[in-house]
Amino acid sequence: MAVLLRLPTSVSEARECLAEGAVPVGGATLVWATWQRDGFPELAMSLRDVPEANVVDRGAVGGAVVLHRMDDRVPDVLRLAAGTVGTGAVRRTATVGGNLVGSALRCLLPPALVLDARATVLEPDGVRETDLAEVVAKRPVLLGLRWSEPIACAYRKLDAVAGGPPPLVVTSAVHTGDRLRIAVRDGYEVLSADTTYTTGPEQTLTTLRATTFAQLPTDAWTIVHSQVTDLLRRPTP
Ligand SMILES: Cc1cc2nc3c(=O)[nH]c(=O)nc-3n(C[C@H](O)[C@H](O)[C@H](O)COP(=O)(O)OP(=O)(O)OC[C@H]3O[C@@H](n4cnc5c(N)ncnc54)[C@H](O)[C@@H]3O)c2cc1C
């Protein structure tokens with residue numbers, strides 16, 4: 001059976017498609033195999049012609065933006081994370097919405113968490129802002145992400161072991177108001193924390209170790225420790 005693919009050109013047209021039951025599709029890098037296995041939907045919609053879903057700048061990225069468009073217009077932590085997803089062919093096709101909402105690995109989630117990003121989601125009766133926890137739990141249609149540019153940020157992803165668990169990801173960002181945000185993907189679980197850092201790296205790390213980060217294995221904690229120490233010792237730009 002053929003899928004009818006709608007290409008709305010505005011948020012209001014996209015809302016109408018959603019109200020008619022259209023399912024969102026990004027680059028179809030994941031969904032195509034699922035559709036072939038489980039059957040095709042009657043109606044799908046791509047947000048690629050909706051301007052709000054195509055923004056790329058220092059403080060925002062649209063849900064329909066393909067991963068390889070995330071260049072130095074976005075903070076390093078997001079650019080570097082996007083650059084590690086799959087192969088070049090996947091990154092030229094896969095979208096921010098497909099990664100954050102539709103994939104199991106969600107390599108963009110830790111950077112989005114340390115940027116303290118807010119999500120704009122599309123519903124049949126309007127557009128609404130929400131947090132990343134709701135995006136992951138309820139899988140709404142993601143129109144885009146918005147954040148305040150951090151003062152500094154850092155990213156590290158370990159090499160994947162063939163057939164092994166997802167590689168560890170450690171991300172952090174320093175924000176105004178002396179705030180430090182950290183997010184770690186350990187297996188499929190993503191832990192995040194927000195703390196002040198005025199007491200210096202060692203005290204900040206001790207505070208952090210008393211949060212959910214206490215459950216991190218020693219090798220993961222070692223990477224958190226060195227990343228946070230380096231980030232907090234960097235001269236402020
Ligand atoms: C070879 C390969 C390697 C990969 N490696 C990694 C990796 O290292 N790290 C990683 O994180 N991911 C990885 N992925 C997964 C990759 O992130 C996803 O394939 C991709 O992000 C899905 O994007 P897409 O636009 O193609 O989504 P689609 O396949 O079009 O859709 C996937 C799901 O997301 C939903 N969706 C799409 N857009 C939106 C939206 N705007 N709002 C709400 N829901 C939406 C769809 O309804 C569907 O349920 C890999 C994939 C492949 C094929």
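Both counts, for ligands and for their atoms, begin at 1 and track the order of listing. If you're wondering where the values come from, they're calculated on a predicted model, not measured in any experiment.
The shortest side-chain heavy-atom distance between C107 and K157 falls under the 4.5 Å cut-off. Counting heavy atoms from C-beta outward, E20 and E42 have side chains that stay 4.5 Å or more apart. Within the 4.5 Å cutoff, the side chain of L78 has no heavy atoms near those of the Y155 side chain. Counting heavy atoms from C-beta outward, W221 and L208 have side chains that approach closer than 4.5 Å. At a threshold of 4.5 Å between non-hydrogen side-chain atoms, the residues V25 and W35 count as touching. Using a 4.5 Å cut-off on side-chain heavy atoms (C-beta onward), E16 and P8 make no contact.
Between atom 43 (C) of ligand 1 and the options P140, G97, G144, G102, the minimum heavy-atom separation is to P140. Looking at T29, L47, V23, it is T29 that brings a heavy atom closest to atom 20 (C) of ligand 1. When the heavy-atom distances from atom 13 (C) of ligand 1 to V121, V85, T87, T84 are ranked, the shortest goes to V85.
For ligand 1, the atoms closer than 4.0 angstrom to any heavy atom of G86 are 3 (C), 4 (C), 5 (N), 6 (C), 7 (C), 8 (O). Near V141, meaning under 4.0 Å from one of its heavy atoms, ligand 1 places the atoms 42 (N), 43 (C). The atoms of ligand 1 that sit less than 4.0 Å from any heavy atom of A94 are 20 (C), 21 (O), 23 (O), 24 (P), 25 (O), 26 (O). Taking every non-hydrogen atom of G27 and a distance limit under 4.0 Å, the qualifying atoms of ligand 1 come out as 24 (P), 25 (O), 26 (O), 30 (O). Every atom of ligand 1 is numbered from 1 in the order shown, and the set under 4.0 Å from a heavy atom of V101 is 43 (C), 44 (N). Short contacts between ligand 1 and C107, defined as distances under 4.0 Å to a heavy atom of the residue, involve ligand atoms 9 (N), 10 (C), 11 (O). Those atoms of ligand 1 with a heavy atom of R139 less than 4.0 angstrom away are 49 (O). Atoms of ligand 1 lying under 4.0 Å from any heavy atom of R106, numbered from 1 in the order shown and given with element: 11 (O).
Regarding atom 48 (C) of ligand 1, its nearest protein heavy-atom neighbour is V31 CG2, 3.7 Å. Of the protein's non-hydrogen atoms, the one nearest atom 1 (C) of ligand 1 is V90 CG2, 3.8 Å. With respect to atom 28 (P) of ligand 1, the closest heavy atom belonging to the protein is A28 N, 3.6 Å. If you check which protein heavy atom lies closest to atom 27 (O) of ligand 1, you get G98 CA, 3.5 Å. Nearest to atom 42 (N) of ligand 1 among the protein's heavy atoms is L142 N, 2.8 Å. Looking from atom 15 (C) of ligand 1 to the surrounding protein, the closest heavy atom is S103 CB, 4.1 Å.
Within 6.0 Å of CZ in R146 there are 12 or fewer heavy atoms belonging to other residues, nucleotides or ligands.
Here the straight-line distance linking atom CG of L205 with atom OG1 of T199 works out to 9.5 Å at 0.5 Å rounding.
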Checking D72 against R79 for the salt bridge (charged side-chain N to carboxylate O under 4.0 Å, His left out) test, could you report, in this order, the C-alpha distance in whole Å, the side-chain angles of both residues, the deciding distance, and whether it holds? CA-CA 7 Å; D72 56 10; R79 175 180 61 81; over 6 Å; no
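Taking distance alone, with nitrogen or oxygen atoms compared against 3.5 Å, L105 stays at or beyond that limit from ligand 1. Residue-to-ligand polar distances place P24 within reach of ligand 1: an N/O pair is separated by less than 3.5 Å. Considering backbone and side-chain N/O atoms, N99 comes within less than 3.5 Å of an N/O atom of ligand 1.
Under the 4.0 angstrom criterion for non-hydrogen atoms, K157 is in contact with ligand 1.
The existence of a salt bridge linking R15 and D125 is excluded, since no basic side-chain nitrogen approaches an acidic carboxylate oxygen closer than 4.0 Å. In summary, D57 and R73 do not engage in a salt bridge, as defined by a charged side-chain N under 4.0 Å from a carboxylate O.
For the residue pair T120 / E129, no side-chain donor-acceptor distance below 3.5 Å is found, with atom types taken as modelled.
A cation-pi arrangement is not found for R118 relative to W147, the charged atom failing to lie both closer than 6.0 Å to the ring centre and inside a 45° cone about the ring normal.
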